[in-house]
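Written below as structure tokens is the structure these notes are about.
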Amino acid sequence: MNGSLLFQAFIYLAAAVIAVPIAKRLGLGSVLGYLLAGVVIGPFMLGLVGQEGEDVMHFAEFGVVMMLFVVGLELEPSLLWRLRQPILGLGGLQVLVTSLVFAGLGIVVGLTWQEAVAIGMTLSLSSTAIVLQSLAERGLLKTEGGQSAFAVLLFQDIAVIPMLALFPLLAAGGSAAAEHHDEGHASTTLIASLPPWAQTLAVIGAVAAIIVFGRFLVRPALSAIAQTRLREIFTAAALLLVIGIALLMSAVGLSPALGTFLAGVVLANSEYRHELESDIDPFKGLLLGLFFIAVGASIDFGLLFAQPLLIVGLVVAIIAVKFAILFGLARSFRLSMDQSALVAFSLPQVGEFAFVLFSFARQEGVLTAALTDPLVAAVALSMALTPLLLVINERFVQPRFGTRKAEARPADAIDEENAVLIVGFGSFGATVGRLLKANNIRTTVLDIDSDRVDLLRKLGLKVYYGDASRYDLLASAGAGHAKILVIALDTPEKTMALVHTAKKHFPHLTIYARAFDWNDAQDLVRAGAHHVYRESVDTALRMGAEVMQTMGFRAYQARRATQTFLHHDEQSMHELVAHRDDQAAYLTNARRRIADLEQLLLADLADADLDRDAGWDPDSLREEVRQQAGLSA
Amino acid sequence: MARVLVLFAHPALEKSRVNRRLLKALPKLPGLTFHDLYEHCPSFHLNVAYEQELLTNHDTIIMQHPLYWYSVPPLLKQWMDLVLEHGWAYGLRGEALRGKQVFQIITVGGPASSYMHEGFQKHTLRDFLLPIEQTARLCRMDYLAPYVIYGTHRLNEDDLVREAVAYRRLLEWVHNNQLPFDGSATQSYATMNEAMSTLAPEVLV
Ligand SMILES: Cc1cc2nc3c(=O)[nH]c(=O)nc-3n(C[C@H](O)[C@H](O)[C@H](O)COP(=O)(O)O)c2cc1C
């Protein structure tokens with residue numbers, strides 16, 4: 001096979017682009033699509049990729065790092081604090097009990113206790129990547145079960161670190177920790193040569209550094225970068241942040257994923273949260289996809305066909321044991337039946353860390369290849385089965401529970417999100433926003449001016465920084481749940497771009513758009529904005545009414561005249577929209593404006609009703625009465 | 001099947017107890033149009049042509065409103081001023097409304113017993129409603145006795161439920177041309193409620 005980078009990229013991308021939409025269509029979720037794509041292009045079917053799969057997986061693991069950063073961003077510290085009980089309790093017990101049970105089983109089938117403990121600990125872990133992606137895609141992350149699953153995964157990610165430290169001690173020969181050299185993982189690091197107390201200090205220092213820098217350095221830095229209004233530099237900064245933290249954590253021997261998660265949590269309260277999220281999101285998505293494909297490609301079908309009973313037996317045993325423990329623990333933590341089922345159905349696979357741990361254990365001499373090869377195959381298969389298990393849970397298990405929390409929840413989520421999005425908080429948007437706030441309508445504001453964002457946030461408003469015509473930013477601001485989109489941007493071009501994005505991705509939104517003149521008001525109506533407001537009209541009419549008053553009209557008459565005029569004006573606009581494009585396409589903007597004005601003036605002349613409230617006009621009655629009485633006018 | 005227009009006027013429906021309950025019971029029937037004046041014209045800017053067309057397209061006009069200072073809420077008065085144009089609704093050539101039935105559904109704070117010559121209000125409700133009655137007559141319409149819910153301040157939850165059911169039934173009858181009397185009976189009965197209990201007691205709740 002042609003090993004060039006471009007060719008590889010082509011194969012991976014093609015596999016993803018073909019397999020994922022099909023899997024989604026079939027309701028199987030994107031993860032399964034990626035996994036199947038991996039199987040198809042892997043060594044056992046088309047053989048398009050193979051030997052380099054390991055490297056790809058290594059590289060793609062960075063997707064997990066990014067995912068945890070994004071997860072952290074969505075997790076405000078207060079929420080994390082509320083999760084402490086499930087993290088430590090449920091997560092801790094899950095790792096402990098599962099490790100012990102598997103270790104016990106291992107001893108029963110004749111392994112040494114060291115081997116049994118190593119395998120038990122490894123198998124207790126689940127796949128953060130697959131589970132979070134699958135749950136998020138199904139909108140289950142915010143359910144109670146989803147939160148519990150997340151808590152367990154978080155604990156597992158932390159537990160990996162002591163496990164890595166423990167493996168050398170388990171080695172049969174008792175080889176010293178300093179001997180091992182695992183180029184892939186973090187244990188041999190810059191600080192490995194330091195004495196233990198200094199290592200500990202370095203670890204604590206690194207964590208403290210992330211928190212302090214996140215708080216006091218990153219935010220002003222992002223603010224400064226945002227002011228340049230160069231989007232790609234902001235993206236570069238976001239990537240730099242994630243990669244830098246990953247490097248730092250690797251240097252002190254901590255999990256990079258954990259480090260970026262922490263950074264995410266620190267930044268979760270910042271105004272740039274959504275912008276960071278949407279900048280990292282595409283990279284995260286692609287890398288995770290790559291990771292899933294690599295997992296699919298790494299499934300060892302040769303081994304599976306050679307020892308089908310052993311491998312299938314292992315997979316079934318692993319899933320059954322983990323499932324039972326998860327369900328039992330979830331129930332004992334007072335989760336309802338359906339939420340416990342969700343936890344048990346999402347987490348019974350073994351996670352990607354198993355690949356790392358097994359190869360590490362082999363290097364350390366704790367386990368032999370004869371043991372790890374079938375286990376690795378079983379792990380990969382158990383991961384591949386997860387999306388299927390979730391489909392089973394969704395289609396066949398959840399419907400049996402009367403409550404169906406999974407469906408009740410999205411409504412809660414809507415309560416959390418605000419129903420009105422205001423884009424642009426200059427004087428126009430601010431007036432709308434203040435009126436709504438004064439009447440207890442909660443709004444989410446998006447604005448591109450970072451100074452203003454800073455100020456408004458200080459005043460306690462829910463304001464986010466970003467260019468709202470980007471689909472991803474709109475999505476993270478809650479456009480999926482909102483009802484109304486108020487566009488108060490200050491140029492027609494930006495307004496138009498946003499209307500197009502909203503119409504395409506969030507057709508359920510009712511769009512209220514600020515327009516500037518006739519031209520773009522008509523364009524906006526044609527583009528599908530539901531309500532269009534020319535910003536100068538009301539002010540101009542008020543001014544006109546006061547001129548009328550000064551010229552001797554009574555106040556109420558002038559006011560009614562403006563109302564009638566506004567009505568007529570609006571109607572003419574909607575009529576003209578219908579006839580617009582045939583000829584307007586040929587005209588320049590300036591010509592268009594003149595043509596519009598001409599149409600308007602003609603329409604004014606044609607509407608003879610403009611100046612009358614006939615019901616209050618006694619003239620015709622007087623005439624009738626005088627005629628009947630035989631009087632002349 | 002009569003085409004029925006409910007012309008509804010309440011300036012603060014969000015504060016209403018009675019009318020809000022009635023509206024919840026409003027039946028959805030083909031040919032029954034509910035026209036919420038304050039919602040439609042919050043700035044009192046009535047589109048006369050549109051309002052007139054609504055009237056033309058219906059046979060029975062019901063004005064539903066709370067009694068405010070012995071009269072209709074101001075937008076309904078504005079509506080009368082501007083929509084009932086000379087030469088259209090009245091006058092020599094004003095024939096547009098001829099023969100249409102019209103009546104009011106009124107909620108009244110004071111109890112029925114106070115609206116008597118010897119009572120607290122010194123006049124009957126019909127006395128206070130004379131301007132409306134005569135307006136209808138001038139427009140050559142068939143004015144029916146009003147449907148009245150008295151003593152709204154004292155209605156409890158059960159009463160409200162009962163009133164809502166009765167309201168729904170009333171509109172269904174009107175819609176089915178089942179009213180147990182016509183305009184000529186108006187003079188004999190003070191209210192439509194009274195006429196019903198005498199002429200068609202079997203249909204009452
Ligand atoms: C401004 C105002 C004027 C009122 N005038 C009268 C009145 O003249 N006679 C009367 O019996 N009740 C009067 N009421 C009481 C209302 O008729 C009564 O509150 C209303 O019909 C209840 O209906 P609702 O709950 O739908 O608002 C008045 C109430 C208000 C607010």
Side-chain angles (χ1 to χ4, degrees), chain A residues 435-436 438-441 512 531 533 537-542 544-545 548 553-575 603-604 606-631 633, chain B residues 7 9 11-15 35 37-56 61 63 71-98 100 102 131-132 134-141:
Chain A
L435 174 70
L436 296 183
N439 289 283
N440 294 323
I441 295 176
Y512 289 74
H531 304 275
Y533 302 85
V537 170
D538 294 73
T539 330
L541 286 179
R542 259 178 48 211
M548 284 174 75
F553 281 73
R554 291 194 39 89
Y556 192 57
Q557 184 186 11
R559 178 174 158 72
R560 291 192 60 77
T562 62
Q563 287 175 335
T564 309
F565 191 88
L566 181 64
H567 179 78
H568 149 87
D569 191 50
E570 223 118 72
Q571 207 160 354
S572 322
M573 184 177 92
H574 284 281
E575 273 160 24
D604 292 354
D607 195 342
D609 271 351
L610 272 180
D611 70 337
R612 59 166 218 174
D613 278 321
W616 282 324
D617 194 339
D619 277 357
S620 73
L621 181 58
R622 234 185 72 233
E623 193 175 323
E624 189 177 298
V625 169
R626 290 169 73 90
Q627 266 174 15
Q628 277 176 319
L631 299 169
Chain B
L7 208 53
L13 191 58
E14 70 282 359
K15 297 184 209 272
H35 185 43
L37 276 179
Y38 273 95
E39 191 66 13
H40 199 250
C41 315
S43 61
F44 277 47
H45 187 256
L46 291 151
N47 180 343
V48 174
Y50 174 80
E51 300 294 329
Q52 290 182 344
E53 195 185 317
L54 268 182
L55 288 174
T56 312
I61 317 298
M63 298 174 170
S71 184
V72 297
L75 181 52
L76 191 51
K77 177 64 167 55
Q78 178 108 319
W79 178 92
M80 290 164 64
D81 288 1
L82 292 179
V83 178
L84 305 178
E85 279 178 322
H86 174 248
W88 184 81
Y90 70 101
L92 274 181
R93 286 177 304 279
E95 296 283 331
L97 302 176
R98 178 186 284 281
K100 290 185 191 291
V102 60
I132 312 283
Q134 186 54 25
T135 299
R137 203 159 289 134
L138 190 72
C139 294
R140 303 173 167 102
M141 298 170 86

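Naming convention: chains lettered A, B, ... in sequence-line order (proteins, then strands); numbering from 1 in each chain. Note that the coordinates shown come from a computational prediction; the quantities given were computed from them, not determined experimentally.
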Evaluate whether atom CZ of A:Arg560 has more than 12 neighbouring non-hydrogen atoms of other residues, nucleotides or ligands under 6.0 angstrom away. yes
Please look at A:Gln627 and chain B and tell me whether the side chain, the backbone, both or neither of the residue comes under 4.5 angstrom of a heavy atom of that chain. neither
For A:Tyr533, the ring-ring contact (aromatic ring centres under 6.0 Å, His included) test, sequence neighbours excluded, returns none
How many angstroms lie between atom CG of B:Leu46 and atom CD of A:Gln563, to the nearest 0.5 angstrom? 10.0 Å
Within a 6.0 Å radius of atom CD on B:Glu39, are there more than 12 heavy atoms belonging to other residues, nucleotides or ligands? no
Of all the heavy-atom pairs spanning B:Gln78 and A:Trp616, show the shortest one and how long it is. OE1-CZ2, 3.1 Å
Run the side chain to side chain contact (heavy atoms under 4.5 Å, CB included) test on A:Arg559 and B:Ser43 for me, step by step, so that the C-alpha distance in whole Å, both residues' side-chain angles and the decisive distance to 0.1 Å come before the verdict. CA-CA 10 Å; A:Arg559 178 174 158 72; B:Ser43 61; 4.3 Å; yes
Chain A shares the most heavy-atom pairs under 4.5 Å, among B:His86, B:Met80, B:Arg93, with B:His86
At a 4.5 Å cut-off on heavy atoms, which part of A:Glu624 comes close to chain B: side chain, backbone, both, or neither? side chain
